Structures are given as C-alpha cells and as structure tokens.
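In this chain, residues are counted from 1 in sequence order. These numbers come from a predicted model, not from an experiment. Order of listing sets the numbers, starting from 1, for every ligand and every atom in it.
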Amino acid sequence: MIYTVTFNPALDCVVRVSNVKHGIVNRCVQQDIYYGGKGVNVSVVLNNIGIPNKALGFAAGPTGQALLTGIESMGVDHDFVMLPEGQTRINVKMVEIADADDVYAAGEETAINASGPNIDAASLSALNETLEQTREGDIVVLSGAAHKSVPVDAYASIVAAQAAKGVRTVVDVTGPVLDCALSAGPFLVKPNDEEIAEILDVEDPTFDQIVEGARMLQEKGAVNVIVSLGSKGSVLLDEFGNLHQAPLIKGKLVNSVGAGDSMVAGFVGGYQQAVEAGLSGYERYEHAFKLAQACGSATAFSAGLAEKDLVDELLARL
Ligand SMILES: O=P(O)(O)OC[C@@]1(O)O[C@H](CO)[C@@H](O)[C@@H]1O
C-alpha cells in the first residue's frame with residue numbers, strides 16, 4: 001500500500017490572466033480550483049491511474065473540510081487529522097497568458113503559497129498514530145513544506161520509524177527538513193536542478209555537477225535520487241549507482257503545477273508494480289522511472305493533474 005502524507009495541503013486557486021498590471025485590480029480569464037499540496041497531488045495521480053493509496057496529513061477549518069470532501073468525491077481514500085484551529089491554506093498560482101482566447105496556453109507561472117495553520121503537538125502525535133497502520137513493504141510519501149511550528153526533525157523521525165518496520169519513504173521537501181531526513185535514509189528524494197545548485201553552491205550547474213550533487217545526496221543517506229531538470233528532462237541515480245536519463249517528452253505545456261508530484265506518483269506506483277511483477281535491479285528502476293516521466297509529462301500537458309489515458313499514451317512513446 002502507498003500512503004502520502006501532506007503536512008500542509010492547500011486549495012490551489014489557479015488564475016489565468018492576460019496583460020497583468022501591478023497596483024490595480026486585474027480580472028482573470030479563467031479560474032480553476034484544485035485540491036492540492038504535494039502529497040495530495042501524489043494521491044490524486046495514483047488514484048487517477050488506478051493505484052490504491054491513502055492520503056494522510058493535517059486539514060483545518062472549512063477550507064480543510066472542502067479539500068477532504070473534494071478528494072473524497074474523486075475517490076481518494078484518506079485519513080487526515082483535523083487541527084483544532086486555523087484553516088487549510090489557499091495557494092494562488094497565476095499564469096500570465098499572451099492571448100486571452102487561448103486560455104490554456106503556457107505562460108509565466110507565479111505562485112504565492114500561504115503559510116498554513118499551526119500544528120500542535122497533540123495533532124502531530126495523532127498523525128504519528130495514523131502512521132502505525134503501515135506494514136512492511138509499504139511506501140510512505142512525505143511531500144511538501146511543513147508549517148514552521150513543526151519540529152525540523154519531524155520528517156526524519158517518521159522516516160526512521162517507518163524504516164524500522166521495513167517501510168520505504170519518499171521525502172520531497174527542501175532545506176533543513178531535508179538535511180535532517182537524509183540521515184534517516186529515505187528511499188527517494190527528488191530535488192530539482194535549482195536545489196542541487198544550492199547544495200553545490202554553484203549558479204548554473206553542468207550535467208556532471210548535477211550528477212555529482214545527486215551522489216552527494218546519496219552519500220548523506222538517500223537510497224535513490226531523482227533530479228528534475230526542467231526543459232532538459234530528468235535523471236535518476238538508483239541505489240546501484242546506475243544513472244537513468246530521460247529527455248523531456250515533447251508536447252504542449254499547459255501547467256507545471258503538480259508535475260513534480262506526478263513524477264513521484266509515477267515512480268512509487270511504478271516501483272510497486274515492478275516489485276509485484278517480479279522485476280529486480282535495473283529493470284525495476286527503469287519501469288518506475290518510465291511511469292514517473294509519463295505521469296509528470298501528462299500533468300504538464302493538462303490543465304489539472306495527469307489522467308490515465310494520457311499517461312498510457314505517453315508511456316507507449318517511451
Ligand atoms: O508550499 P509547499 O508545500 O512547498 O508547496 C505547495 C504546492 O505549491 O505544491 C504543489 C505543487 O507541487 C501545490 O499543489 C501546492 O500549492
């Protein structure tokens with residue numbers, strides 16, 4: 001079973017605007033609301049491609065209730081802890097489009113992510129209790145930034161507790177929370193090229209430097225590392241030291257929100273399928289990485305998150 005944990009989910013309000021001017025009221029030409037937060041996105045994509053999973057995390061207030069009702073109506077199984085105070089955040093994603101008649105054209109994306117509600121110690125304990133339901137062989141995906149009230153080692157503690165039970169974990173977060181979690185040996189981390197640049201302290205890393213950065217993350221404890229390289233595709237450095245490279249799949253970019261989360265969904269879903277099919281070593285990772293690429297690109301080519309038909313179509317091209 002795959003579990004996702006979203007400490008700070010969000011209602012993503014994506015507004016498409018042409019000819020934005022600062023300092024005045026702008027009217028959008030299209031508005032879409034998605035049930036988001038990185039782990040929630042992973043769950044939605046897994047659900048869309050027919051892979052059973054359960055979404056965990058924290059929700060609060062009427063916005064949190066709307067998020068839970070929304071994912072439930074999509075068929076996503078969940079077991080969120082309701083926080084005693086506050087509201088699940090609303091994140092605004094603005095896409096600036098050149099032509100008001102071509103609403104879903106690619107455009108420059110600007111995100112304003114809210115800070116989200118405070119997480120009290122009792123609620124954190126309640127989440128840890130829900131995580132007791134995992135079993136050996138399961139995968140737990142910990143995705144997205146946590147509110148500043150969360151101790152920096154909260155992800156690391158979950159990684160360590162799950163590893164002790166034979167559960168693999170994915171940690172998709174940055175900064176000190178990632179640094180701390182690395183030492184607990186997560187199964188997968190997924191930085192992008194900018195985060196690798198920060199780790200290496202270089203401005204515009206070459207391909208070799210990206211690979212060096214990924215190896216550094218392995219030395220610090222990550223079992224596998226996927227680095228998304230924007231228009232240059234992505235790479236996977238697997239636990240055996242093999243480098244899997246994937247150029248970007250060609251298609252019309254509509255929306256990059258959730259594309260990275262969709263890669264994570266494809267990877268964990270594909271990894272689980274490969275285990276069940278008896279694949280091992282290099283083949284297991286090739287299979288997982290292909291589904292990761294197909295899911296990531298299917299989201300990038302859609303207004304919302306990846307749907308099965310497009311994922312299958314893209315998979316057939318790889
Ligand atoms: O603030 P975080 O947790 O880093 O990121 C949250 C977020 O930007 O990530 C998802 C896309 O990856 C969105 O659904 C959501 O709004």
Side-chain angles (χ1 to χ4, degrees), residues 4-16 31-48 55-60 63-64 66-68 70-71 74 76 78 80 83 86-95 108-119 127 141-150 152 154-155 158 170-179 181 188-195 198 226-228 230 234 253-268 292 295-306:
T4 66
V5 185
T6 315
F7 272 61
N8 204 352
L11 295 179
D12 285 333
C13 179
V14 183
V15 286
R16 296 184 167 263
Q31 166 199 309
D32 297 295
I33 297 200
Y34 298 100
Y35 308 110
K38 295 192 185 333
V40 171
N41 291 338
V42 174
S43 272
V44 169
V45 173
L46 285 170
N47 192 57
N48 288 352
L56 310 176
F58 301 105
T63 46
L67 178 117
L68 298 183
I71 59 172
M74 298 165 90
V76 175
H78 64 85
F80 271 69
L83 297 168
Q87 296 253 19
T88 288
R89 61 188 172 155
I90 298 175
N91 288 346
V92 179
K93 318 285 179 181
M94 178 176 72
V95 186
E108 191 177 15
E109 295 176 12
T110 306
I112 301 180
N113 285 6
S115 56
N118 188 64
I119 293 167
L127 174 75
V141 179
L142 294 157
S143 276
H147 185 265
K148 61 178 187 314
S149 55
V150 174
V152 76
Y155 284 29
I158 295 174
V170 177
V171 177
D172 187 8
V173 71
T174 55
V177 177
L178 173 63
D179 284 346
L188 176 75
V189 297
K190 192 200 69 61
N192 60 28
D193 46 357
E194 284 168 22
E195 285 148 13
E198 243 177 68
I226 290 182
V227 187
S228 40
S234 52
L253 176 73
V254 174
N255 147 53
S256 73
V257 179
D261 310 329
S262 305
M263 279 198 86
V264 171
F267 184 85
V268 292
C295 289
S297 297
T299 289
F301 302 159
S302 310
L305 293 171

| request: Tell me, please: is G260 in heavy-atom contact with ligand 1, that is, under 4.0 Å? | output: no
Could you tell me whether some N/O pair between [X] and ligand 1 is separated by less than 3.5 angstrom?
X    : value
N8   : no
A145 : yes
G37  : yes

Considering only heavy atoms from C-beta outward, does the side chain of [X] approach that of [Y] to under 4.5 Å?
X    : Y    : answer
V14  : N255 : no
V254 : S302 : no
F58  : L127 : yes
Y35  : L11  : yes

Distance filter under 4.0 Å to [X] heavy atoms, resulting ligand 1 atoms:
X    : answer
G36  : 14 (O)
G144 : 3 (O)
N41  : 10 (C), 11 (C), 13 (C), 14 (O)

| message | Would you say CD of E194 has more than 12 non-hydrogen atoms from neighbouring residues, nucleotides or ligands within 6.0 angstrom? | response | no
| Does the pair F80 and I71 meet the rule for a side chain to side chain contact (heavy atoms under 4.5 Å, CB included), with working shown? | CA-CA 11 Å; F80 271 69; I71 59 172; 4.3 Å; yes
Nearest neighbour in protein (non-hydrogen) for [atom]:
atom                    : answer
atom 12 (O) of ligand 1 : D261 OD2, 2.7 Å
atom 8 (O) of ligand 1  : K93 NZ, 2.7 Å
atom 15 (C) of ligand 1 : D12 OD1, 3.5 Å
atom 9 (O) of ligand 1  : K38 NZ, 3.0 Å

| request: Mark yes or no for whether R89, through its side chain, and N8, through its backbone, hold a donor-acceptor pair below 3.5 Å. | output: yes
| request: Just let me know how H147 lines up against ligand 1, side chain, backbone, both or neither, with a heavy-atom cut-off below 4.0 Å. | output: neither
| Qualifying residue, where the test is side chain to side chain contact (heavy atoms under 4.5 Å, CB included) with K190 and the options are D261, V227, I226 | I226
